[in-house]
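Structure, as structure tokens:
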Amino acid sequence: MGTELLLFYLFGGVAVAASLLVVLGRNAMHSVLLLIVSFAALAALYITLDSPFAAVIQIIIYAGAIMVLFLFVVMLLNAHKEDDYVSAGAPTMKKPLYMGAVLAVVLAAELVWALVRAGHAQDGMLTGGASPDAAALGSVRALGQLLFTDYAFAFEVTSILIIVAMVGAVVLAKREL
């Protein structure tokens, strides 16, 4: 087992463990901090996969900007009051549990689909089916060009989904508007 493979399993294990603790944790502050650990482990995984640009973007955008924003939001919304509300015998929320289960099934189906698709792409690369400029796709310029031309619609839809999720989180957090 080479050093790269050992590091890949080490950082992958840290990412999975931190992600599980984020979901299973009861303290929102601890979950936010563990999510930063998970993002850092993912950035290390990107480095082991020879993708330093993705690693830097992972640290700057997710661990740096978004998670600091989440940390401030959790602190401003007084997350410890939520723990008191839940422990005081609040009604259980079964609908979100069911929706979470449905979304987990959809996520698992997408993961299987992506893995099957990646397997086909890798077969094409092994047989020489890859495009000649495949190495240039890793550059920042090529990535930006693809993002704002071929994938512009998906990029904009993703930004709208993020805004809707943020508004939904604020509405759920603030019971009294």
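Values reported hereafter were calculated over all heavy atoms of this structure, with side chains retained and with hydrogens, waters and symmetry mates removed. In what follows, residues are counted from 1 in the order of the sequence shown.
Of all non-hydrogen atoms in Ala55 and Ile47, the two that sit nearest each other are CB-CG1, 3.5 Å.
Hydrophobic cluster membership is shared by Ile61 and Phe39, with clusters built from Ile, Leu, Val, Met, Phe, Trp and Tyr side chains linked at under 4.5 angstrom.
The structure places CZ of Phe11 at 5.5 Å from CG of Leu7, a figure rounded to the nearest 0.5 Å. Atom OH of Tyr62 and atom CD1 of Ile36 lie 14.5 Å apart (nearest 0.5 Å). The distance from atom CG of Leu45 to atom CD of Gln58, rounded to the nearest 0.5 Å, is 9.5 Å.
Listed by first and then second residue, the side chain to side chain donor-acceptor pair (under 3.5 Å) pairs involving residues 160-172 amount to none (not counting sequence neighbours). Screening residues 38-52 for side chain to side chain donor-acceptor pair (under 3.5 Å), with sequence neighbours left out, gives Ser19-Ser38.
For the pair Leu103 and Leu107, the minimum side-chain heavy-atom distance is 4.5 Å or more.
Among the candidates Leu33, Leu34, Leu35, Val37, the single residue satisfying the side-chain contact (heavy atoms from CB on, under 4.5 Å) test with Leu21 is Leu34.
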Could you list the donor-acceptor pairs under 3.5 angstrom formed between side-chain atoms of residues 143-172 and any protein atom two or more places apart in sequence or on another chain?
{"residue": "Thr149", "atom": "OG1", "partner": "Gln145", "partner atom": "O", "Å": "2.4"}
{"residue": "Thr158", "atom": "OG1", "partner": "Ala154", "partner atom": "O", "Å": "2.7"}
{"residue": "Ser159", "atom": "OG", "partner": "Glu156", "partner atom": "O", "Å": "2.6"}

